[in-house]
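Just below is one structure, and these are the notes that go with it.
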Amino acid sequence: MSIKRINGFADMFARDSRVFEFMESTCRRVFSAYGFQEVRVPVMEYTQLFARSIGTETDVVQKEMYTFPDAHGVNQSLRPEATAGIMRAYINASLHAKESVSKLFTYGPMFRCERPQKGRMRQFHQVDCELLGTHAPAADAEIISLLLHYVTELGLTDLSLHMNNLGCPTCRPKYRQALVEYLTRHEEHLCDDCKRRLHTNPLRVLDCKKDHDLAFMQEVPVFLDYVCDDCKQHYETVTALLQENNIAFVQDHCLVRGLDYYCRTTFELQSSAIGAQTAVAGGGRYDGLIRNLGGPDIPGIGFACGMERLALLLGEREAQRKDFYMVCLDDTALHTGFKIVRDLRLAGLSGEMGYTAAGMKSSMRQAGKSGARYTLILGSDEMARQTVAVKDMDKGEQKEVSLDQLVQVISQ
RNA sequence: GCGGAAGUAGCUCAGUUGGUAGAGCAUCUGAUUGUGGCUCAGAGGGCCGAGAGUUCAAGUCUCUUCUUUCGCCCCA
């Protein structure tokens, strides 16, 4: 039996890779228009980095990471997300001392050992964008604006932006306490998962699919009632900036984040068209993260966007049409044809050739299937006259062109 | 970790109450000398996921196992 692909790891041939190439090139173009620069960080880091940034109690760290000991027995992990690695690189490079604000993005594979399903792979890809060095609400609004600009450039219009305020270490515990008290009073009505969440991660009860529509959930405490003045003002400025720029969003009191480091502004781009998953991109502010990792007390905000999930929303991309397909009818012509093809490509044209001399009929079939604009035919007749027959495959018209005019004719 | 569904030609799938396999698409060839797409004719290609069991006989029934997929959990 042949060797199989590892479950959750995908092979992407042209049909799929064209879509990814489109998403990648678009993000590079859009992000750089906002002054963001690409940073490439390793796919492996010491496990400790992820434990300290993402949170030791999260499932991502507890059971989803690919972790291996190095030669000295120190654990290292394939990255389950990109933010931690970028923060580590930012600290190591002392970027904060070189520029007051840093705008960084990275693109690449992430790894989580979960059960694969629609829109969820074990090796998946994210573009990750981080804006470091400012508390200003305008930064929050800009990064959200950037994310929406990006998906608009991709041609996606059917996404909804959900926003929430998660507060800070001063005000969040008060809300959390009020939430736990409320939920404990209604514990008997909670689903089994939520009974467990109530003790492990009570905020998660808010976005439970089963319990969301229950009657008592309609009166669940809302964070905006507990938020401190600073957090409240910050969030109000962010949302005002969005509204002034006609960026529509849904105030979603049930939006919470899976990773521990988020605070204040939190957002998610959602779609109902990608199976059981809804989040296409998610992000928020993480003001204490860099300090927690041993760096300076620098605030930050960012998001990650899941490319496999975006790809589910994008249609197929057509391949770029080739300029020519060279057909050689005999072995002598093949040698000349090879040289002509080489010269055409060096002149900047794109195309292919049949590798063996074959009959006219099957050669034309191959030419037609290649989708090229022109078929170049080289047989004994053309060889004798130092020409090539050029057939326009759309019009069906054919004319004989001398070799020195070939580039010019095909370029038209 | 827990559920549901599915594994038959390269792909998408049929296969009736058990009798050693079929279609469409794709590929290749041909329809009078060197001209594609449309049409027509033909060809190649399958240990029916694997292993046991029942039976004269298993793609079909039973069990085991592997794989894939959609959900739960969790997350982008």
Side-chain angles (χ1 to χ4, degrees), chain A residues 1-2 4-10 15 54-55 57-65 79-83 109-129 147 151 159 191-194 196-197 200-201 204 207-210 256-259 262 267-271 274-284 302-313 325 327-330 333 354 357-372 374-383 389-398 400:
Chain A
M1 191 192 277
S2 57
K4 302 204 128 165
R5 170 179 61 77
I6 299 177
N7 190 18
F9 289 69
R15 221 174 115 118
I54 298 170
E57 298 309 310
T58 58
D59 277 17
V60 171
V61 168
Q62 289 261 312
K63 39 186 193 187
E64 293 173 4
M65 286 205 296
R79 62 183 181 189
E81 55 101 49
T83 302
M110 312 293 158
F111 305 85
R112 291 182 198 175
C113 192
E114 311 171 82
R115 284 294 278 274
Q117 64 188 69
K118 190 172 185 180
R120 194 174 71 184
M121 300 297 283
R122 288 180 171 176
Q123 176 179 325
F124 60 103
H125 298 77
Q126 289 186 337
V127 60
D128 190 272
C129 204
L147 173 59
V151 296
L159 296 167
C191 71
D192 290 345
D193 284 325
C194 283
R196 176 177 52 77
R197 290 187 185 107
T200 58
N201 193 353
R204 275 281 155 194
D207 70 349
C208 174
K209 288 168 195 158
K210 281 188 217 148
V256 296
R257 300 276 68 208
L259 311 184
Y262 288 105
F267 55 94
E268 205 166 89
L269 261 189
Q270 299 185 356
S271 164
I274 51 174
Q277 324 295 334
T278 56
V280 171
F303 67 81
C305 185
M307 309 311 271
E308 278 76 5
R309 294 183 183 181
L310 275 184
L312 287 173
L313 299 169
Y325 185 91
V327 162
C328 302
L329 298 175
D330 60 54
M360 184 59 117
K361 200 175 193 80
S362 64
S363 293
M364 285 307 292
R365 257 187 214 151
Q366 296 303 325
K369 209 162 43 179
S370 80
Y374 295 103
T375 297
L376 313 183
I377 302 163
L378 195 60
S380 52
D381 297 355
E382 291 80 9
M383 289 287 285
V390 176
K391 179 164 186 174
D392 183 316
M393 296 301 273
D394 295 333
K395 295 177 185 160
E397 294 167 0
Q398 183 170 324
E400 212 162 322

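Within every chain, numbering begins at 1; the chains are lettered A, B, ... in the order of the sequence lines, protein sequences first and strands thereafter. The structure displayed is predicted, hence computed values, not measured ones.
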Find which nucleotide of RNA chain B each of A:Val280 and A:Gly275 is nearest to by heavy atoms, and output the residue with the more 5' nucleotide.
-> A:Gly275

Check whether the side chain of A:Arg309 and the base of B:C75 form a donor-acceptor pair under 3.5 Å.
-> yes

Sticking with atom P, work out how far B:G37 lies from B:U27, rounded to a whole angstrom.
-> 11 Å

Please evaluate the base of B:C74 for a donor-acceptor partner in the side chain of A:Arg120 within a cut-off of under 3.5 Å?
-> yes

Looking at every strand, decide which applies to A:Phe303 at a 4.0 Å heavy-atom threshold: base, sugar-phosphate, or nothing.
-> nothing

Distance between the C1' atoms of B:U55 and B:G19, in whole angstroms?
-> 12 Å

A:Gln277 near the nucleic acid: base, sugar-phosphate alone, or nothing, with a heavy-atom cut-off under 4.0 Å?
-> base

May I ask you to say whether A:Arg120 pairs ionically with A:Glu114, meaning some side-chain N is under 4.0 Å from a carboxylate O?
-> yes

Enumerate all atom pairs, one protein N or O and one N or O from nucleotides 45-48 of chain B, separated by less than 3.5 Å.
none

Protein-nucleotides 66-69 of chain B N/O pairs under 3.5 Å:
unit_1, atom_1, unit_2, atom_2, d
B:U69, OP2, A:Asn7, OD1, 3.0

Using a cut-off of 4.0 Å between protein heavy atoms and nucleotide atoms, how would you tag nucleotides 29-37 of chain B 5' to 3' with B, S and -?
-> B----BBBB

Distance between P atoms of B:G24 and B:U62 (Å, rounded) = 32 Å

So what is the 5' to 3' dot-bracket string for RNA chain B, if pairs are Watson-Crick or G-U wobble with both distances under 3.5 Å, crossing pairs use [ ] and | means the partner sits on another strand?
-> (((((((..((((.....[..)))).(((((.......))))).....(((((..]....))))))))))))....

Gap between atoms CG and P, on A:Asp59 and B:A76 respectively (whole Å) | 12 Å

Nucleotides 42-44 of chain B: which of its N/O atoms have a protein N/O under 3.5 Å away?
none

A:Ala367 meets the side-chain contact (heavy atoms from CB on, under 4.5 Å) criterion, sequence neighbours left out, with A:Tyr325, A:Val327, A:Thr375, A:Met393

